[in-house]
Amino acid sequence: MVELHDQTLRDAHQSVLATRLRTEDMVPICSKMDEVGFHSLEVWGGATFDACIRYLNEDPWERLSTLKEHLPNTPLQMLERAMNIVAYRNFPDDMVKKFIHYAHKNGCDNFRIFDALNDLRNMRVPIETAKKVGGHVQGSLCYTISPIHTVERYVEDFKKLEKMGCDSLCIKDMAGMISPTRAYDIIKGCKDAGIKIPIDLHSHNTSGMTGLSYMKACEAGVDILDSSISSLTGATGQPPTESIVAALKDTEYDTDYDMELLMDIREYFNEVWRKYSHLHRDQALRIDPSVTMHQIPGGMLSNLVSQLEKQGAADSYDEVLKEVPRVRKDFGFPPLVTPSSQVVGVQSVMNVKFGRYKRITNDTKEYFRGMYGKPPGEITDEMYETILGPDWRDQVIDDRPASLKQPEFKKRRDELDDMGLLRKPEDALTYGIYPDIGLKFLKGDVTAEFTSDQLPLKKPEEKTEVIRRPEYPLQGKVRVDGKNYQVKMKNQDTVTVDGKDYRISVLFPDGQNKSSTKSKNKSEPSGEEIEVVSPMLGTILRIPVSAGDKVSAGDPIAILEAMKMENDITAPKDGTVKELHVKKGEDVEEGALIATLV
Ligand code: CO
């Protein structure tokens, strides 16, 4: 007999409805879902925590306890990103422990724990904590394809996870690219190696071959398969629950679930699907076998597309697709899953936009320092030096990253209490994990994008923008230090001021844009002033300098968040900050003036 772990209330809507399913649209069907007799239901964790506070104005903790109340008979599971909890960076041990404690208290029975790099050191604290609070621990390994991710390596790591005290194991194929043979070989390998605890296969429909892989998994002795109600599946979603139940009927793998009941649930979610029509994306519904070639998960692909569009670089999509595997090799073949997918994805975009490793994100540096965990494969000394500089050996840590972190929970709780916003201890976690959006939520300043009674919303009309190339010469007025100049742009790199031609030099790779035309104003020190501009569209996170500060070449002037990654905008040379032109929290365009140095 095979059992199903249903993902409808977590991964399904994360995969095909942008994680936007509201609790009020889950509750009415809970009693029926509870009746099926699923092995477990995944209802929490992953991106749902973030989506609740950011877009839905819902308290994720309340969602969990509400679901527990309406699903009393089925074990409820959360997806826990090891030391990243439900976010994108590493937290200290005390935050992880508190989170798991309160998750269990609010109704989470099973914890599926994974680390993006499959670094088992990052999984030890959450595994031990979940065991201690009385939870069922499912130790997960991210499935990926690379020369180092062999069947033997997976079997070895699963054996270690069993030894670490896990109650079950999971092959987490987040990209939906596991082939029937690989699924069979890994599961059979585990069974042959004497692993006793149940094995679960989590996959997505993306490649189109997942049904075949599930069948081979059954033949290899898989115990649990992940699925979602068909109404919320599509290509980037999971294999449909009802179809698996029907396919395995009258075989030795028969789930024995009631198909009539499943059809009622399907009918309900068909209605939900129609209600959430404004979130339908054609791309999420189409099978894409190319994933077996480029190995980029669907979620990451759609992310890349929207980021490239925002950066006005949609036409470099193919180039970025080619760059991702190269970057991944340079990084020691990390699986592409949150947050490593983001680090690799953004660095790939940077490499295409500015030249290979001409601009390196802070997260890439952190990754090379070992602050995400140990990269799975070898990284060359040359790569380390390219990313971290000649003293790279002093920067790379040996230990697990959380060992360098100071406890945070008490501090966060006290801060929140001082603001008068601590209504329950869980709030300290919401705030600690998402300091900006969490605080906004707790203050009551988040507006829900929509509530269930407003659905369906009218789908916004698709906009097609026509990009016009400028027709030279362009003429106009430019105001510099209170004086107007009549300028003419002859072509894209020559500008005429007062009858004299000047070449425009834009040095984006260094984050600087030397004044393209020297001011004709004689009282100004000519050529001395340097304008530091934003290399891309983003939000100013921090400004570590003030006007009047002396800076050396390479010092950060501002930290820009672009594509969810932090980037230093640095001083191109030694000097003094004359003026800052942006404020913390400000959104800036590519080329926006950040600071003037003298
Ligand atoms: Co998934």
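Computed over heavy atoms, backbone and side chain alike; hydrogens, waters and symmetry mates excluded. Atoms within a ligand are numbered from 1 in the order they appear, just like the ligands themselves.
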Test: Asp223 and Lys191 ion pair at under 4.0 Å: yes
Sequence neighbours excluded, every pair satisfying side-chain hydrogen bond (donor to acceptor under 3.5 Å, both in side chains) that has a member inside residues 124-135: Lys131-Asp167
Those residues that, when tested against Asp254, pass side-chain hydrogen bond (donor to acceptor under 3.5 Å, both in side chains) (two or more places apart): none
Protein N/O/S neighbour count - the Co ion (ligand 1), strictly under 2.8 Å: 3
Set of side-chain hydrogen bond (donor to acceptor under 3.5 Å, both in side chains) partners for Asp436, sequence neighbours left out: none
Test of ring centre spacing under 6.0 Å for Trp44 and Phe111: no
Pair Ser15-Thr236, side-chain donor/acceptor within less than 3.5 Å: no
